[in-house]
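Here the structure is laid out as structure tokens; the discussion comes afterwards.
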Amino acid sequence: MLKVTVKFFAFYRDMTGTEELTLEFPEGSNVRDLLRSLEEKFEGFRGKLLNRKVGSRSYILVRRGEWPDADDPLADGDEFYLFPPLGGG
């Protein structure tokens with residue numbers, strides 16, 4: 001099993017009720033599996049993660065300083081950072 005940690009920021013932290021969450025996935029899982037798991041676990045994410053491109057304006061997911069593709073494999077010990085859309089001017 002692969003252990004993966006997701007750290008939540010801004011209102012995602014409020015929505016999930018936690019700063020971080022550790023999940024387990026079988027070998028061969030990918031980022032899409034992680035997103036699916038978050039949509040299933042938290043009602044506020046339903047329909048908002050899987051149908052969007054990672055790094056789009058709907059959310060920002062970062063791993064090792066980069067935006068992973070949905071088909072990228074997960075690795076044991078991965079840490080992901082999930083941010084809501086950022087704005088400014």
Side-chain angles (χ1 to χ4, degrees):
M1 292 297 277
L2 307 170
K3 285 191 177 184
V4 174
T5 301
V6 181
K7 296 187 178 186
F8 302 100
F9 293 87
F11 70 85
Y12 285 172
R13 185 177 289 170
D14 296 331
M15 185 179 71
T16 61
T18 187
E19 292 182 14
E20 69 179 54
L21 176 70
T22 300
L23 301 164
E24 290 189 357
F25 295 92
E27 294 286 334
S29 296
N30 59 26
V31 172
R32 180 176 282 106
D33 297 318
L34 169 64
L35 297 175
R36 181 178 297 112
S37 180
L38 292 173
E39 281 197 352
E40 290 171 358
K41 187 163 186 66
F42 300 106
E43 186 175 332
F45 285 139
R46 289 191 189 134
K48 296 181 181 169
L49 301 178
L50 284 173
N51 296 324
R52 305 282 192 265
K53 182 178 178 191
V54 175
S56 71
R57 292 185 182 189
S58 58
Y59 69 92
I60 299 169
L61 182 69
V62 178
R63 175 181 61 177
R64 293 183 231 129
E66 297 179 352
W67 292 349
D69 289 326
D71 293 323
D72 287 352
L74 298 177
D76 191 46
D78 269 347
E79 281 191 355
F80 289 85
Y81 303 88
L82 186 60
F83 298 89
L86 302 175

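Below, each value reflects all heavy atoms present in this structure, side chains not excepted, and no hydrogens, waters or symmetry copies. None of these values were measured; they are calculated from a predicted model.
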Across all chains, not counting sequence neighbours, the side chain to side chain contact (heavy atoms under 4.5 Å, CB included) partners of E19 are R13
Contacts of E66 that satisfy side chain to side chain contact (heavy atoms under 4.5 Å, CB included) - sequence neighbours left out:
none
For R46, which residues count as a side-chain hydrogen bond (donor to acceptor under 3.5 Å, both in side chains) partner, sequence neighbours excluded?
none
Measuring only between side-chain heavy atoms, which start at C-beta, is [X] closer than 4.5 Å to [Y]?
X: R64; Y: D78; value: yes
X: I60; Y: L82; value: no
X: L34; Y: S29; value: no
X: L38; Y: L23; value: yes
X: F80; Y: T5; value: no

Check [X] against [Y] and note the closest heavy-atom contact, atom names and distance.
X: T22; Y: K3; value: CG2-CB, 4.4 Å
X: A75; Y: L2; value: C-CD2, 4.4 Å
X: E39; Y: L50; value: OE2-N, 3.0 Å
X: L21; Y: F42; value: CD2-CE1, 3.8 Å

Test of understanding: with ring-ring contact (aromatic ring centres under 6.0 Å, His included), list the residues that count as partners of Y12, not counting sequence neighbours.
F45
For D72, all residues meeting salt bridge (Lys or Arg N to Asp or Glu O under 4.0 Å), sequence neighbours excluded:
R63
D71: which residues meet the salt bridge (Lys or Arg N to Asp or Glu O under 4.0 Å) condition with it, sequence neighbours left out?
R32
Quick one: do L49 and L61 satisfy side-chain contact (heavy atoms from CB on, under 4.5 Å)? Show the steps, please.
CA-CA 10 Å; L49 301 178; L61 182 69; over 6 Å; no
Group every Ile, Leu, Val, Met, Phe, Trp and Tyr by side-chain heavy-atom contacts under 4.5 Å, then state whether F11 and F8 land in the same group.
yes
Name the orientation class of the two ring planes belonging to Y81 and F9 (parallel below 30°, tilted from 30 to 60°, perpendicular beyond 60°).
tilted
